[in-house]
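Everything below concerns the one structure shown next.
The basis for the numbers below is simple: all heavy atoms, side chains too, and nothing from hydrogens, waters or symmetry mates. Reminder, nothing fancy here: chain letters follow the sequence lines and each chain counts from 1.
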Amino acid sequence: MIAFVLRRLASAVPTLFIVVTISFFLMRFAPGGPFNLERPLPPATMENLVRTYQLDQPLWRQYATYVSNAVTGDFGPSYVYKDNSVAELIGKGLPYSMELGFYALLLALIGGVAMGTVAALRQNSALDFGIMSLATVGTTVPNFVVGPVLTLIFAIVLSWLPAGGWGDGSLRFLILPMIALALPQLAVFARLTRGSMIEALHADHIRTVRAYGLPSRVVVVTHAMRGAMLPVVSYLAPCAAALLTGSAVVETIFTIPGVGRYFVLGAINRDYTLVMGTVILIAIFVIVFNLLVDILYGLLDPRVRHD
Amino acid sequence: MAETNETILAIRELKVNFTTPDGTVNAVKGIDLDVRAGETLAVVGESGSGKSQTMMGIMGLLARNGAVTGSAMYRGKELIGVPPAELNKVRGAKVTMIFQEPMTSLDPLYPIGRQIAEPIVHHRGGSYKEARKRVLELLELVGIPEPARRIDSYPHELSGGQRQRVMIAMALANDPDILIADEPTTALDVTIQAQILKLLRSLQERFGMAIVLITHDLGIVRHFAERVAVMRRGEVVEQGATADIFDRPTSDYTKMLLAAEPHGRKAPPSDAAPIILEGRDVVVDYRIGGGLFSGGASTFRAVDRVTVRLREGQTIGIVGESGSGKSTLGRALLRLVHSEGRYRFGSTDISGFDRSRMRPLRKAMQLVFQDPYGSLSPRQTVGEIITEGLLVHEPELGKAERDRRAIAALSEVGLDPDARNRYPHEFSGGQRQRIAIARAMILKPKVVILDEPTSALDRSVQGQVIELLRSLQRSHQLSYVFISHDLSVVKAMSDYVVVMKDGRIVEEGETDSIFEAPANAYTKSLIGAAFNI
Amino acid sequence: MTDIAANPLNEPPKTVSRSLFQLALIRFRRNRAAMAGCVTLLLIALFSFLGPLFVPHTYDQVFPSYVTIPPSLQPRPDVSTLQEVMDGVAARARVKLEAFRVEGQAFTATISSDEPIDPRATRYFDRANEFRDTKVEATENDGRVLKLSGQVNREYFPFGTDSNGRDLLARVMLGGQISIAVGLLASLVSLGIGVLYGATSGYIGGRVDNVMMRFVEILYSLPFVFLVVVLVVFFGRSFVLIFLVIGAVEWLDMARIVRGQTLALKRREFVGAAQALGLTDWQIIRRHIIPNTIGPVIVFVTVVVPKVILLESFLSFLGLGVQAPLTSWGALISEGANNIQSAPWLLIFPSIFFVATLFSLNFVGDGLRDAFDPKDR
């Protein structure tokens, strides 16, 4: 098991390296720069800035400097939020995004799996239809519609919940953004669970346990559910990585000080180091969660055990 | 074996219907059957006869769109239309079942010991720990080696035969009255098949349960069953004692089935016939595993230094069980897989030929596959399918000429030429195999490799396809390599037989000498398994 | 040797010969939800593309006097407003308004004065924004009473207007054109790249497949929204670029699906038969692999189109979509979300069309999947 983890982590290094390289050069070859503002800076200031941030160096040297610094955890200063380093910005924002994302993930996973299972067991009933319609709403209505609508209803009309902000971090502040963040993923989990559950219920080995007179609770929970969870578990990795690293849309609508906004802001402002920082952050999350999910998968399915 | 004549399962007026978007399908049309204590009843039929659906209906295992009506009384207890809790008292305890696909019938996520214990714990109470002893006994009983170690294995760690033994152990766990075996050996190799049947028989002698054997294989029925019910299109056309049915069949359908066993022989080619296709020291290695960056790839030798010489007009039968390398050898002879060795076609040395140099020769060397469903592209019309080779090899032909050739080829294989405007899914298995043969014949080949061409077909259709292949061979002086696991078909087709095991030839010789005086132990067990179970 | 399962399609030939595609079409037609989805899509497409011909306003026409007015089926200005305006005009012309009636786009008015009225007084009427072509119809009482008639400038804004005074109806139509066009074109781009890439990779297999899929994996591990944002920010924001960029990102899934299909197809015997017939790799891909992946691919396209529309709207929400005065549903929704308290209709109307489109695509997709893959689902 340990060997497997180490091997996987080792194979992640080249992937991460390639991601960093592609992002770095992709950004640099694009026109514009962090200091090309709408009102041009005086040439002297510009020159000064460029020298300070070593943007006058040859590209390969900048790249080499960046990579060697990044290895030590130094992702450079932000070009736009000049008082902060990228590491500081991410360090400040990440806990907010992760807490919100964690609740959203929990809601999406538990709610989605429960709804999908019920829909599969009552296939083609009114309940199934209702759940699937809700799932369709979840996948088709983007969260920048859901967010404002939730705010309008619960914060403005009913005044039950705050319209945004983190406040003291209590649940009241988290409910609306959590729902907006979780709904699309909940819909995916519900659809996925329903589909794989129906398929599992049709499997030959389910026919076997039915032929041996086991009660349907055992058939469903012990045999069908476990097999049906495999695709759900696979989807957990990209979903968790996406939710925990924050959403630009939800954090903007609910004014949450997370990291989700950074890559959009960074990209718009051509804040090279901030963009690189968020890319690396997301890539690391993806890699780590893929690994965790693979281990979990191995525990669920004896056919892919990693010894 | 049957000590009493008491009827323990009485099936009356049983109907099974399936509602599909394209209409209702009457799979079983009101049949009556009796199962008596301790007897073996074989329910025989070809695909679509409703033999499996009858039993699935009784056991409450139909697909969602299936519905069963009528009556099935097990010792006075109705099984049809009762609530699942009621049915669950009988199934798995008094009436148990084993299935055709041992590969998928067990849950891949649990150890086999636990799966065998499940019905015990459920029907008799107690804990899994207590059941463990009984499970070990059962594994021992069904002949799983090292039961103490195997009890914690997962299904994927067992072979197909072993999984079927595990299923049998599960079926015996609660000392059933009736064991329903739905094509229990169809997915297994012949030698394993014989072992499983022998096991079932010995268990029946020990425990005295009745066995309902659902099968399409008359050979098994003859040696195994006391009574037979012949089913066709959802109806029982004939039932009675096995000996009576085999000796004095009354219905035309049963007569036809019995006559469909392949027979007859082919005239051997003259000794002077030149060699048309030769593969010397053929070796095929497959690379297994290994990614782009990770090493760890190993090779698996599928064919190990095999030499085959095919004469003009000759048929060589290649016999072996799954994994023996017989199909790979066929493809290697056609240079369709990467292989080593020396190859000749006629007088040409084709050893070093790459794909583009082989292309002109492909016209003369054709291949017919086992699965008539998989070997025809579902998106092309039959006409497009069979004329595809002409586009490659005779591109100068016009559309009208190609169509003329298609008509000729279809008539030759006994199909209506109108078939060329239709799609493969509109044809039965036997008709599809004829289309596949037409696709090969339209190119006027010299050599045809037949890879299990009859294995996926019903017996009655099998005979017709063999007859067709023999007549085509006569009229076109074709040379065949006939690959099959089915010895009776090989016997009817071949002049010369090659027996393969694990990639090597274990024995070869004239058909008569191989079948009448096999020298090798493996050949003997194969023939024993096939002809006198 | 399975018994007949639930598939009577395997029965011996019927008189009418139908390809699998035709059979799928027949099954699809029987699916009510999917057919309703088709009809809705068609209506929305007609609305978006032909609607502008029937709306007098263009999408960029600004009405400074009608900023952020709520939707109404009544023409603007309404009669009471016109009455006020007319009173004002009469006061300025120093005449007395005896009667005033509005009928559709025309008005009639009777004015009187103690002195004979100069007919040039009609100029006062035309000077108001609301009225034009004022004519004297009749003169009574020695010119002390004039009967006037003329045209009223009345505008219909059934969807209301936005904060710049532009007709939301026209803008929703334009937004529909752009969203639908981006959705379709980007899906086509991803389809083209994905099918070719996936089929090639899957068919050739081995080392080539390994390298090609490794490349896809690397692109996957790039945060994909990031990629789009970076591409759009750095390479400009033209309409063409947006769908190229989205398409270029979306092809990854398509490539994986087609590759999976191809790997499965490659093991099918009809591909083996084609090799034995001597077809070249390219002929096999073209004649056998691609036609047989069409079913899953069509189904997948119905998933990609809404995804692309969502992605485009997401970009618009972030302010990276098409630039004003052009717009898309996503841009309109984002505008509406910002004005949700003062002008909820700005969110509601584009959302209705947007959600209806995505819903319909969903039903059509489900219907197609059932039609191409007729299992008991």
Assess the residue pair C:Arg268 and B:Asp371 against the criterion (salt bridge (charged side-chain N to carboxylate O under 4.0 Å, His left out)); give the C-alpha distance rounded to whole Å, side-chain angles, the decisive distance to 0.1 Å, and a yes or no. CA-CA 9 Å; C:Arg268 295 279 293 275; B:Asp371 175 15; 6.0 Å; no
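For chain C, the option among B:Gly66, B:Pro378, B:Pro360 with the highest count of heavy-atom pairs below 4.5 Å is B:Pro378. The most heavy-atom pairs under 4.5 Å with chain C, out of B:Ala436, B:Gly234, B:Gly389, B:Pro424, come from B:Gly389.
Looking at C:Arg267, there are no atoms closer than 4.5 Å to chain B (heavy atoms on both sides), in backbone or side chain. Residue contact with chain C, scored on non-hydrogen atoms closer than 4.5 Å, involves the side chain of B:Leu443 exclusively. When heavy atoms are compared at a cutoff of 4.5 Å, B:Met358 does not approach chain C at all. Looking at B:Leu336, the atoms closer than 4.5 Å to chain C (heavy atoms on both sides) all sit in the side chain, from C-beta outward. Of the two parts of C:Asn31, neither the backbone nor the side chain holds a non-hydrogen atom closer than 4.5 Å to a non-hydrogen atom of chain B. With a threshold of 4.5 angstrom between heavy atoms, B:Arg355 approaches chain C through side-chain atoms but not through N, CA, C or O. B:Leu391 touches chain C through its side chain: at least one heavy atom from C-beta onward sits under 4.5 Å away, while N, CA, C and O do not.
Enclosure of atom CZ in C:Arg286 by more than 12 non-hydrogen atoms of other residues, nucleotides or ligands within 6.0 angstrom is indicated. Heavy-atom neighbours of C:Phe215 CZ from other residues, nucleotides or ligands within 6.0 Å: at or below the threshold of 12. The 12-atom threshold is exceeded at CZ of B:Arg405, counting heavy atoms of other residues, nucleotides or ligands nearer than 6.0 Å.
In plain terms, the two heavy atoms of B:Phe369 and C:Gly272 that are nearest each other are CZ-C, 3.5 Å. The shortest heavy-atom contact between C:Ala273 and B:Ser375 is CB-O, 4.4 Å.
Residues B:Gln380 and C:Arg287 meet the side-chain proximity criterion, which asks for heavy atoms closer than 4.5 Å. Between B:Arg439 and C:Leu277 the shortest side-chain heavy-atom distance falls below 4.5 Å.
The distance from the CG atom of B:Leu367 to the CD atom of C:Gln275 is 10.0 Å, given to the nearest 0.5 Å. Rounding to the nearest 0.5 Å gives a distance of 6.5 Å between CD of C:Glu269 and CD of B:Gln370. One distance of note links CD1 of C:Ile290 with CZ of B:Arg379; it measures 13.5 Å at 0.5 Å rounding. Separation of atoms CD1 (C:Ile289) and OG (B:Ser377) is listed at 9.0 Å; rounding is to 0.5 Å.
Between the side chain of B:Gln366 and the backbone N or O of C:Ala276 there is at least one donor-acceptor pair closer than 3.5 Å.
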